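These figures come from a predicted structure and were not determined experimentally.
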Amino acid sequence: MSDEIIKNLGPLAPLAGTWRGDQGIDTSRIHSKETVTKYREEALLSPIGPVNNGPQKLYGLRYSMTAWPLDSDDAFHEELGYWLWDKEHGQVLKTLMVPRGVSVNAGGCVKVDDKSFRLEAECGSETYGIMSNKFLDETYKTKNYSVDITIHEDGTFSYKQDTQLWIPVNQAIFHHTDKNTLEKI
């Protein structure tokens with residue numbers, strides 16, 4: 001890892017590396033029933049930058065994550081994307097795609113030395129927004145996404161994620177939640 005890139009990652013610097021955690025709890029809907037799945041995951045966050053976007057200069061982490069139920073070798077969730085730091089505007093961005101046809105661009109105001117922060121996205125937003133494939137848009141429309149990140153003194157980090165799904169059949173919002181604590185390997 002380039003020291004120059006790491007020093008420009010701001011609040012994302014402690015997240016650079018390979019991480020594992022086996023304390024995950026996923027609350028989702030499977031066959032119209034709320035289901036809790038305990039899981040393990042591995043995440044790789046590789047430093048990149050600078051990314052020059054006209055006058056905007058970003059540093060970040062190329063991101064991939066895979067999660068498996070504790071009792072299985074078959075992954076049930078994957079994400080690909082980027083965590084980005086916009087120092088000039090005090091913004092952290094998380095852009096991700098999942099292989100179900102969903103893309104999320106979440107963001108939030110973060111100070112350079114923050115050890116906890118929240119990123120959010122809302123369906124229909126032209127900046128921090130969510131897009132889904134046609135099937136999901138009609139059956140499990142993602143309305144909101146948020147993730148709370150905490151970087152702990154012991155070198156671990158944890159997250160709590162809430163993906164709010166509008167389910168037309170029930171005429172209600174379902175909170176699909178995930179949380180885990182990860183250790184650097």
According to ring pair (Phe, Tyr, Trp, His ring centres under 6.0 Å), does anything in residues 88-134 pair up with another residue at least two apart or in another chain? List the pairs. none
Could you note down all residue pairs passing ring pair (Phe, Tyr, Trp, His ring centres under 6.0 Å) where residues 131-164 supplies at least one of them, sequence neighbours left out? Trp19-Phe157
Would you list the pairs meeting salt bridge (Lys or Arg N to Asp or Glu O under 4.0 Å) in which at least one residue belongs to [range], sequence neighbours left out?
{"range": "residues 65-75", "value": "Arg40-Asp73"}
{"range": "residues 21-32", "value": "none"}
{"range": "residues 97-116", "value": "none"}
{"range": "residues 147-166", "value": "Arg118-Asp148"}

Which atom of [X] lies closest to which atom of [Y], heavy atoms considered:
{"X": "Gly108", "Y": "Leu119", "result": "N-CD2, 3.5 Å"}
{"X": "Gly21", "Y": "Asn180", "result": "O-ND2, 3.5 Å"}
{"X": "Ile173", "Y": "Gln164", "result": "CG2-CB, 3.8 Å"}

In chain order, what residues pass the ring-ring contact (aromatic ring centres under 6.0 Å, His included) check against Phe174, with sequence neighbours excluded? none
Pairing residues for Tyr39 by the ring-ring contact (aromatic ring centres under 6.0 Å, His included) criterion, not counting sequence neighbours: Phe76
Let me check something: any side-chain donor-acceptor pairs from residues 54-69 under 3.5 Å, sequence neighbours excluded? List them with distances.
{"residue": "Gln56", "atom": "OE1", "partner": "Asn53", "partner atom": "ND2", "Å": "2.8"}
{"residue": "Gln56", "atom": "NE2", "partner": "Asp86", "partner atom": "OD2", "Å": "2.7"}
{"residue": "Tyr63", "atom": "OH", "partner": "Glu79", "partner atom": "OE1", "Å": "2.8"}

Step by step, would you call Gln161 with Ser146 a side chain to side chain contact (heavy atoms under 4.5 Å, CB included)? CA-CA 6 Å; Gln161 185 172 285; Ser146 65; over 6 Å; no
Residues which pass side-chain hydrogen bond (donor to acceptor under 3.5 Å, both in side chains) with [X], listed by chain and number, not counting sequence neighbours:
{"X": "Asn170", "result": "none"}
{"X": "Glu138", "result": "Lys134"}
{"X": "Thr35", "result": "none"}

